Amino acid sequence: MTEPDSTFANAAELLGRITEQLGTQLGHLRPYGHRPRKQEQEVTPPMNITGRAAPAPTAPAPVGIAPVGIAPARPALAGTAPTAPTLVAVGHGSRDPRARATLNRLLDRVRELRPGLDVRLAHIELNTPLLDTTLAGLAAEGRDAVLVPLLFAPGHHVTHDLPAALAAEPALRARVAEPLGAHPLLVEALADRLARAGWDTEDGTSAGTGVVLASAGSRDPRSGAEIRRIAALLGERLGGVPVVPAYTSAAAPTVPEAVRALAARGRHRVAVASCFTAPGLFATRAAAHAPWIAAAPLGAHPALARLVLHRYDGALRATTRERELATV
């Protein structure tokens with residue numbers, strides 16, 4: 001064979017090999033819209049199997065735009081991060097069946113205000129779930145917690161019972177928030193309950209009207225001081241009418257004594273404001289002594305739900321400050 005014939009044969013052989021390889025590659029292509037059969041899916045290796053070659057990295061997407069095929073992350077709501085401590089609302093407890101139902105409605109409002117936050121109810125006594133059971137469950141779950149007392153002043157329950165319950169669960173990271181206390185949100189709820197009972201704006205400037213602020217009472221002098229602050233704020237809210245604090249147990253004056261004290265000042269049209277979170281024996285007793293109108297307990301009032309969250313957030317801020325100081 002001559003030199004040109006040999007060259008031609010080599011070129012023909014090379015062309016044949018190229019044609020064969022091209023045919024093989026084209027055989028793997030499928031028409032647009034073709035869906036692989038089950039057998040084909042099974043032999044196609046998934047992308048997340050370890051040991052396989054990883055796909056080539058894509059260029060980062062512009063800020064605010066998710067890469068193709070990946071849903072953009074939704075911004076987290078304030079206070080609803082997965083690690084947010086559980087809010088444990090601690091009520092006193094009551095034999096009145098309406099009490100627990102009322103507190104559950106209040107906490108439903110709290111959940112509506114802070115979606116995603118784990119909110120639980122516990123009681124110091126008389127009702128389930130009891131506080132110690134709730135705390136033991138949280139410790140077993142490995143959760144942190146903030147206890148928000150559904151109480152109005154720093155009495156024995158707040159200063160002794162709640163810290164003692166936490167001490168019994170040393171594995172649980174938790175703290176006690178401030179009681180509901182003297183705050184404009186509480187005063188808003190008290191004034192609104194009075195208005196629903198029949199209090200009118202003109203009553204606040206009448207020389208013949210007065211208000212008794214009824215609460216449970218405590219022997220702790222700090223509790224009495226806090227209730228007096230609430231009474232002063234309520235009097236300002238109602239237009240300057242005198243508001244006298246009174247108690248259904250453990251402290252003086254009682255509700256009848258406060259009513260008589262106002263009558264001695266010429267104020268015979270006396271309303272009773274109910275500084276109780278839920279119906280119960282004390283709230284019922286206080287209302288029975290009202291010579292004019294008696295407000296309902298605060299219950300699931302929207303302002304009270306906001307105050308519960310305010311106390312929870314305050315405890316979180318205090319925890320953050322303490323940790324920052326500890327690292328200095």
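In this text the structure is predicted, and so the values were computed from the model without any measurement. Computed over heavy atoms, backbone and side chain alike; hydrogens, waters and symmetry mates excluded.
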Requested in this report: May I ask you to check whether over 12 heavy atoms, not counting those of His160, lie within 6.0 Å of atom NE2?
Outcome: no
Query - Arg111, CZ atom: more than 12 neighbouring heavy atoms under 6.0 Å - result: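 Atom CZ in Arg111 is packed in, count exceeds 12.
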**Report entry** Under 3.5 Å donor-acceptor, Glu226 side chain and Ala182 backbone
**Finding:**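 Present.
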Report task. Check whether any side-chain N or O of Thr209 sits under 3.5 Å from a backbone N or O of Asp203 as a donor-acceptor pair, and report yes or no. Result ->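 Indeed, once roles are kept as given, a pair shorter than 3.5 Å links the two residues.
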Query raised in the report: With respect to Leu233, which candidate in Arg237, Glu236, Arg229 satisfies the side chain to side chain contact (heavy atoms under 4.5 Å, CB included) definition?
Result: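 The option that passes is Glu236.
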Taking side chain as C-beta onward, heavy atoms only, is [X] less than 4.5 Å from [Y]?
{"X": "Val119", "Y": "Thr86", "result": "no"}
{"X": "Pro279", "Y": "Thr102", "result": "yes"}
{"X": "Leu186", "Y": "Ile230", "result": "yes"}
{"X": "Tyr312", "Y": "Arg114", "result": "yes"}
{"X": "Arg222", "Y": "Thr159", "result": "yes"}
{"X": "Leu304", "Y": "Leu150", "result": "no"}
{"X": "Arg109", "Y": "Pro302", "result": "yes"}

Query raised in the report: Any Lys/Arg nitrogen of Asp313 or Arg317 sitting under 4.0 Å from an Asp/Glu carboxylate oxygen of the other?
Result: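 Arg317 and Asp313: not salt-bridged.
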Query raised in the report: Hey, is Asp108 close enough to Arg105 for a salt bridge, meaning N to O under 4.0 Å?
Result: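 No salt bridge links Asp108 with Arg105.
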**Report entry** His301 and Asp192 side chains, donor-acceptor separation under 3.5 Å
**Finding:** yes
Query raised in the report: Any side-chain donor paired with an acceptor under 3.5 Å for Ser94 and Arg100?
Result: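 Ser94 vs Arg100: no donor-acceptor pair found between side chains.
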Spatial distance of atom [atom1] ([X]) from atom [atom2] ([Y]) [nearest 0.5 Å]:
{"X": "Leu166", "Y": "Leu172", "atom1": "CG", "atom2": "CG", "answer": "6.5 Å"}
{"X": "Thr277", "Y": "Leu180", "atom1": "OG1", "atom2": "CG", "answer": "8.0 Å"}
{"X": "Leu185", "Y": "Arg306", "atom1": "CG", "atom2": "CZ", "answer": "5.0 Å"}

**Report entry** His123/His92 aromatic ring centres below 6.0 Å
**Finding:**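 Ring centroids of His123 and His92 are no less than 6.0 Å from each other.
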